[in-house]
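This report concerns only the one structure given below.
Everything numeric in this text was worked out from a predicted model, so none of it was measured. Reminder, nothing fancy here: chain letters follow the sequence lines and each chain counts from 1.
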Amino acid sequence: MLDPKLLRESPDLVRAAIAKKHLEVDLDAVLAIDAAWRAQLQEVEALRAKQKAANTAMAALPKGSPEFIAKVGEMKAVSAQAKEREAALNEIEAKFKQAMLSIPNLPHASVPEGRTPEQNMVFSTHGDVAAVSSAAKPHWEIPGFEKLFDFGRGAKVTGAGFPFYVGDGARIVRALLQFFLDEDVKAGYTEVNPPIFVNAASATATGQLPDKEGQMYETTPDQLYAVPTAEVPLTNFFRDEILDEAVLPVKRCAYTPCFRREAGSYGKDVRGLNRLHQFDKVELLKWVHPSASYAELDLLREDAERLLQKLGLPYRVLLMCGGDLGFSQTKKYDLEVWAAGQQRWLEVSSCSNFEAFQARRAQIRFRGKETGKVELVHTLNGSGLAVPRVLAALLENNLQPDGRVKLPAALVPYFGKEFLTFA
RNA sequence: GGAGAGAUGGCUGAGUGGUCGAAAGCGGCGCUUUGCUAAAGCGUUGUAGGGGUUUAAAUCCCUACCGAGGGUUCGAAUCCCUCUCUCUCCGCCA
């Protein structure tokens, strides 16, 4: 959520930001609701002040005295009026809140202009795309693929997009996760193993609710949500808390399976490991001082990049343009790995700064050491990394003419052998 | 799953219908004393929203907040209802 004061005081700034994201929001309507809300609030508060004053006066009067009884009669009317006004206030307040939630976060000045994904800026490219393309084919066409990644039985047991990982398939997933977590811990992130179901309050704080509930799996009797990413439980860890400035930045990483309904997906995007309803991911999260959040974003991106470098996978970094930024992000880098068999880039990490947008909604604050004042933290997150697409690239890029997959040296200690085989 | 007890500020804990945003203690912060530390004394001490004032900070006024939401009442931390969570005992279980 945006700071209502910012909207009130600099509506043109907000207007320009919305234009940069190529979104449509009726700001004038929001401002009108805000003005009406404040007027109503003042009326209600005046009535309450009257009630309080009367209450103090009545406490000094003898209970049954004529003055007391007269006062009760008088205040009965005030009470009724206050109740009526409060109901009106609540109604307009709900409207205001909803209107505020419809306003996106403001893109950072360094975010390029643009409307479509094609207009994202290629920030950097690493590794040789041509060098890995020798025996490549889409990973789902590799002979024996179904033995290790059993989509058919997954579909029988659960549904499409829920594969079984078998033998070397299971082993490579475990190796990647362990590798990612170890590297992230080395980079200073504290490892966390969070709950993989969250309640509605948590899903609301990170913005999955109210409008993205269609993306989450929901449990029926208990109304819990299967996490779409570890970002949700991790961000909510400090919900409604005031941190000590000295602990910032807080850096944490967590592995969870991620559950996404992905309604409406189709075609080559969903072939093989490209898009699943359940997949494994390590998420990186930072809570930082507002003055440091952009420097921290670059460090976060570098932490994610290092993983791809150590795996020897060619990748590029995109700096997302205004139109391709998410609703709540101010700046975002996507890491895309080259999948030689499919001849396409696959997104494996998305590193974003949310500034205070999530923190305001989740009420995550810190007390300044010097000032003693309470301020909202800035939150950042990014994948470090998502397993299936990294795996897809690994299978396609490193496939040998003999049908085995040669693993990068960094992974060998985790996997226990040099080659993955489909036999 | 069954039975009982409870939830109050950074923490402990008092408060069972009115001047209570809330005693007291601890902690924190400031000052004084002291060679430093410690100790003692005095003072201070939450969050949010709105408004006035100000270039701004400071400050002032009002309102809300005693687990959450509803209700009763002129008036609720206090009474009633619903929910959530915690603790104790029993049962079950990896």
Whole-Å distance separating the [atom1] atom of [X] from the [atom2] atom of [N]:
| X | N | atom1 | atom2 | value |
| --- | --- | --- | --- | --- |
| A:Arg239 | B:U47 | CZ | C1' | 17 Å |
| A:Asp240 | B:A48 | CG | P | 12 Å |
| A:Glu86 | B:G49 | CD | P | 19 Å |
| A:Asn199 | B:U84 | CG | P | 12 Å |
| A:Gln223 | B:U84 | CD | C1' | 13 Å |

Taking salt bridge (charged side-chain N to carboxylate O under 4.0 Å, His left out) as the test, write out the residues that go with [X], two or more places apart.
| X | answer |
| --- | --- |
| A:Glu45 | none |
| A:Asp303 | A:Arg306 |
| A:Arg367 | none |

Whole-angstrom distance between [N] and [M], as gauged at atom [atom1]:
| N | M | atom1 | answer |
| --- | --- | --- | --- |
| B:U73 | B:C80 | P | 16 Å |
| B:U19 | B:U32 | C1' | 35 Å |
| B:G75 | B:G21 | P | 16 Å |
| B:U82 | B:A94 | C1' | 34 Å |
| B:U8 | B:G46 | C1' | 13 Å |
| B:A76 | B:A24 | P | 25 Å |
| B:A56 | B:U63 | C1' | 26 Å |
| B:A58 | B:U53 | C1' | 11 Å |

Footprint string (nucleotides 54-77 of chain B, 5' to 3'): B base within contact, S backbone only, - free, heavy atoms under 4.0 Å: ----S---BBS---------BS--
Quick one: side-chain contact (heavy atoms from CB on, under 4.5 Å) partners of A:Ala304, sequence neighbours excluded? A:Leu335, A:Ser349, A:Cys351, A:Leu385
With sequence neighbours left out, what residues match A:Ala410 under side-chain contact (heavy atoms from CB on, under 4.5 Å)?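 By the side-chain contact (heavy atoms from CB on, under 4.5 Å) rule, A:Ala410 matches A:Phe179, A:Lys310.
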Distance below 4.0 Å between A:Arg367 side-chain N/O and B:G10 OP1 or OP2: no
Going by the rule ring-ring contact (aromatic ring centres under 6.0 Å, His included), which residues pair with [X] if we only count those two or more places apart in sequence or in a different chain?
| X | value |
| --- | --- |
| A:His139 | A:Phe145 |
| A:Phe123 | A:Tyr333 |
| A:Phe237 | none |

Contacts to RNA chain B from residues 32-43 of chain A, heavy-atom cutoff under 4.0 Å, which residues? A:Trp37, A:Arg38, A:Leu41, A:Gln42
On the 0 to 90° scale, with breaks at 30° and 60°, tag the A:Phe366-A:His289 ring pair as parallel, tilted or perpendicular.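 Answer is tilted, since the angle falls between 30° and 60°.
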Give me each pair satisfying salt bridge (charged side-chain N to carboxylate O under 4.0 Å, His left out) with a member in residues 21-32 of chain A, each pair once, sequence neighbours excluded.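 For residues 21-32 of chain A, and leaving out neighbouring residues, the salt bridge (charged side-chain N to carboxylate O under 4.0 Å, His left out) pairs sorted by first residue read A:Arg15-A:Asp28.
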Only Watson-Crick and G-U wobble pairs, only distances under 3.5 Å, only runs of 3 or more: what stems does that leave for RNA chain B? B:1-7 with B:84-90, B:10-12 with B:24-26, B:27-32 with B:40-45, B:46-52 with B:59-65, B:67-71 with B:79-83
Check whether A:Lys63 reaches the backbone of A:Phe68 with its side chain - one donor and one acceptor, N or O, closer than 3.5 Å. no
Looking at A:Val317, is its backbone amide N or carbonyl O close enough to the side chain of A:Asp334 to form a donor-acceptor pair, meaning the two atoms are under 3.5 Å apart? no
Residue whose nearest RNA chain B nucleotide is more 5′ - A:Ala60 or A:Lys5: A:Ala60
Applying a 4.0 Å non-hydrogen cut-off, can you work out what A:Arg8 is touching in the nucleic acid: base, sugar-phosphate, or nothing? sugar-phosphate
